[in-house]
Amino acid sequence: MATSRDRLGTLEAEGSSGRQGYSGVEVVLSSDPATPAPLCPHELGPTLLFVKVNQGKEETRRFYACSACRDRKDCNFFQWEDEKLSGARLAAREAHNRSCQPPLSRSQCVERYLKFIELPLSQRKFCQSCQQLLLPDDEEKHHEHQVVGDVSITQLKRPSKLLYPLENKKTNAQYLFADRSCLFLVDLLSNLGFRRVLCVGTPRLHELIRLKESGGTKSNIRSLLLDIDFRYSQFYMEDSFCHYNMFNHHFFDGKAALEVCKTFLQEDKGEGVIMVTDPPFGGLVEPLAVTFKKLIAMWKEGHSQDNSQKELPIFWIFPYFFESRICQFFPSFCMLDYQVVDYDNHALYKHGKTGRKQSPVRIFTNIPPNKIILPIEEGYRFCPLCQRYVSLENQHCEHCNSCTSKDGRKWNHCFLCKKCVKPSWIHCSICNHCALPDHSCKGPKDGCFICGELDHKRSACPNISTSKKVNKAVRKQKQRKSNKMKMETTKGQSMNHTSATRKKKRRERTHQYLCS
Ligand SMILES: C[S@@+](CC[C@H](N)C(=O)[O-])C[C@H]1O[C@@H](n2cnc3c(N)ncnc32)[C@H](O)[C@@H]1O
Ligand SMILES: [Zn+2]
Ligand SMILES: [Zn+2]
Ligand SMILES: [Zn+2]
Ligand SMILES: [Zn+2]
Ligand SMILES: [Zn+2]
Ligand SMILES: [Zn+2]
């Protein structure tokens with residue numbers, strides 16, 4: 001296993017070492033604790049400090065931007081690190097922040113929920129327009145909205161099916177597991193003997209665990225959901241949902257919510273608990289890793305000394321090309337071959353027409369892979385040499401001494417590159433490495449346009465959204481200084497055209513990525 005991870009690490013390191021031409025945006029994690037980051041409306045938690053990188057060089061002026069929203073439409077917060085704001089601007093920002101807060105407090109939501117479940121079925125209504133459970137007194141306000149009635153207890157137990165997924169927003173990227181993937185996870189967690197699951201950004205897993213528990217099946221697992229989607233507050237008591245930002249470890253409801261999480265992690269001296277997370281794929285790995293380390297530290301606090309070597313078991317669900325990034329922060333993690341497919345609402349990650357699983361999404365974990373049985377009927381087999389379950393077509397390479405495929409297809413060994421590569425790649429003597437046959441040898445690298453890594457395209461780049469957002473932010477700053485009206489008209493027109501072309505190109509690239 002270590003061998004295969006090292007190999008991909010080498011591959012990515014090669015990509016990184018060729019990053020002289022890299023341009024984009026990077027997050028700066030070691031910001032000075034004496035200067036706390038400003039707050040933006042969507043989190044009332046600190047923003048993150050970013051630096052723009054141009055042709056491999058960091059620009060000197062750094063800036064704060066929202067940690068959670070990777071789309072300027074969702075949060076246009078921007079502030080230079082050294083920018084001094086006037087009292088008036090600070091006050092205006094505070095007022096704006098307050099106006100962006102959810103209309104109800106956490107305890108008000110709980111109060112409403114308790115009233116709601118007492119209502120007879122005929123009075124239990126849900127406003128789809130406002131995404132809100134209605135009490136009889138509210139109905140007047142919503143009478144012109146799309147309201148559904150007879151909300152059953154079963155529906156209340158599956159809020160992710162009642163609420164529409166916030167997939168249109170890059171910020172939430174709420175791609176929900178189909179029941180098949182979710183049931184696989186629940187069974188796996190139960191077979192591994194876990195009794196508590198900290199669900200970080202996995203609302204559907206959370207509800208399925210609770211459903212199984214209340215259904216009186218053998219699963220006796222409890223779950224706590226941490227998610228930025230405030231709508232879930234309506235359906236859960238304080239001890240089963242915390243409004244949370246996983247990019248800066250911020251609990252919106254302060255110390256009380258933090259204590260809920262702490263108690264959950266530390267119960268039974270921290271035994272029997274696992275964290276399962278499925279962050280938005282556009283999310284930056286670094287801030288996520290920092291957050292997860294904070295949750296690990298919280299879990300560790302409740303430990304006796306002799307347990308200090310133990311790790312909090314984690315499932316981190318993320319695309320396979322992040323393997324080296326994730327293992328950089330969590331060296332004990334390995335990537336399972338299991339393809340988390342059938343996201344209900346994500347066309348790309350469903351079973352293809354050919355029946356071939358096409359999802360790049362995997363589980364990264366610190367649980368020894370030989371403990372994790374993957375379903376043979378879904379195309380997995382056990383490799384006795386690697387001591388882990390792998391995809392059926394993932395062949396054991398005697399030269400690499402591991403099952404090397406990352407995407408489930410048979411990879412071929414290249415003796416010149418000294419590693420296994422995708423079946424569609426050939427060795428290019430000009431570039432001196434393997435690549436797609438139609439690659440351009442002239443380009444700096446035939447990999448990602450944004451970060452220069454070789455194993456993904458721009459459309460799948462972890463930096464894509466941030467770089468777009470920040471570039472837009474920087475552009476806007478400059479734009480303000482110039483003739484505003486004139487600029488806006490021309491930009492509006494050209495943007496429409498460019499974004500259409502960009503969309504088309506992205507579609508083509510995604511297609512190319514899945515088929516390459
Ligand atoms: C890719 S979806 C994962 C959903 C999961 N597949 C399921 O079905 O349970 C990402 C989830 O993370 C949540 N999320 C997005 N940004 C977040 C943030 N900054 N902090 C916490 N949760 C966030 C979304 O609301 C969504 O529920
Ligand atoms: Zn309404
Ligand atoms: Zn093997
Ligand atoms: Zn090989
Ligand atoms: Zn080669
Ligand atoms: Zn070449
Ligand atoms: Zn990239």
Side-chain angles (χ1 to χ4, degrees), residues 1-8 10-15 18 102-104 109 112 116 123-149 151 159 162-164 230-231 234 320 323 334-338 362 368-374 376 379-439 441 445-447 454-455 516:
M1 207 26 238
T3 326
S4 93
R5 198 179 327 132
D6 291 345
R7 297 222 149 260
L8 191 73
T10 318
L11 179 91
E12 295 231 348
E14 278 167 14
L104 297 171
C109 287
R112 286 176 62 92
F116 190 88
Q123 287 184 31
R124 277 191 235 130
K125 298 189 177 153
F126 175 72
C127 176
Q128 288 180 323
S129 320
C130 305
Q131 294 284 291
Q132 195 192 323
L133 293 174
L134 303 181
L135 292 174
D137 286 351
D138 308 321
E139 280 176 35
E140 178 66 25
K141 266 191 277 165
H142 300 261
H143 80 276
E144 283 185 5
H145 296 178
Q146 213 164 353
V147 172
V148 289
V151 177
L162 203 55
L163 300 166
Y164 64 75
F230 181 73
R231 298 174 307 166
Q234 304 174 78
Y320 72 82
E323 188 186 31
C334 66
M335 187 178 86
L336 306 179
D337 267 26
Y338 184 73
R362 301 289 185 276
N370 60 359
K371 288 197 180 164
I372 298 171
I373 301 167
L374 301 185
I376 290 169
Y380 300 96
R381 65 176 182 91
F382 187 71
C383 172
L385 297 166
C386 293
Q387 282 291 302
R388 67 176 181 112
Y389 277 83
V390 293
S391 292
L392 212 52
E393 288 175 46
N394 189 357
Q395 305 257 317
H396 193 89
C397 168
E398 59 181 39
H399 311 288
C400 299
N401 192 25
S402 107
C403 289
T404 43
S405 169
K406 300 290 170 195
D407 61 10
R409 293 176 298 166
K410 181 183 178 301
W411 283 24
N412 301 322
H413 191 83
C414 169
F415 288 94
L416 296 165
C417 291
K418 298 195 182 68
K419 67 185 174 203
C420 285
V421 296
K422 285 185 179 181
S424 49
W425 287 17
I426 51 160
H427 194 86
C428 168
S429 54
I430 301 169
C431 298
N432 208 19
H433 61 72
C434 283
L436 278 172
D438 61 351
H439 71 281
C441 301
K445 286 279 173 196
D446 190 46
L454 287 172
D455 66 342
S516 68

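Both counts, for ligands and for their atoms, begin at 1 and track the order of listing. Since we're looking at a predicted model, the values are computed, not measured.
The Zn ion (ligand 5) has an N, O or S atom of Cys414 inside 2.8 Å of it. The Zn ion (ligand 5) has an N, O or S atom of Cys417 under 2.8 Å away, backbone or side chain.
The environment of CG in Leu385 is crowded: more than 12 heavy-atom neighbours from other residues, nucleotides or ligands sit within 6.0 Å.
Of the charged side-chain nitrogens involved, none lies within less than 4.0 Å of a carboxylate oxygen, so that Lys125 and Asp138 do not count as a salt-bridged pair.
Ring centers of His427 and Phe415: at least 6.0 Å apart, outside the cut-off.
For His396, the N, O or S atom closest to the Zn ion (ligand 3) goes by the atom name ND1. Shortest distance from the Zn ion (ligand 2) to His142 is reached at ND1 (N/O/S atoms only). The name of the N, O or S atom in His427 nearest to the Zn ion (ligand 5) is ND1.
Note that CZ of Arg362 and CG of Asp407 are 7.0 Å apart. Values are rounded to the nearest 0.5 Å.
Here the closest non-hydrogen pair linking Gln387 and Pro384 is NE2-O, 3.1 Å.
Side-chain atoms of Asn394 come within 3.5 Å of backbone N or O of Thr404 as a donor-acceptor pair.
Put simply, the angle at the Zn ion (ligand 3) from SG in Cys383 to SG in Cys386 is close to 110°, to the nearest 10°. The ND1 atom of His145, the Zn ion (ligand 2) and the SG atom of Cys127 define an angle of 110° (nearest 10 degrees).
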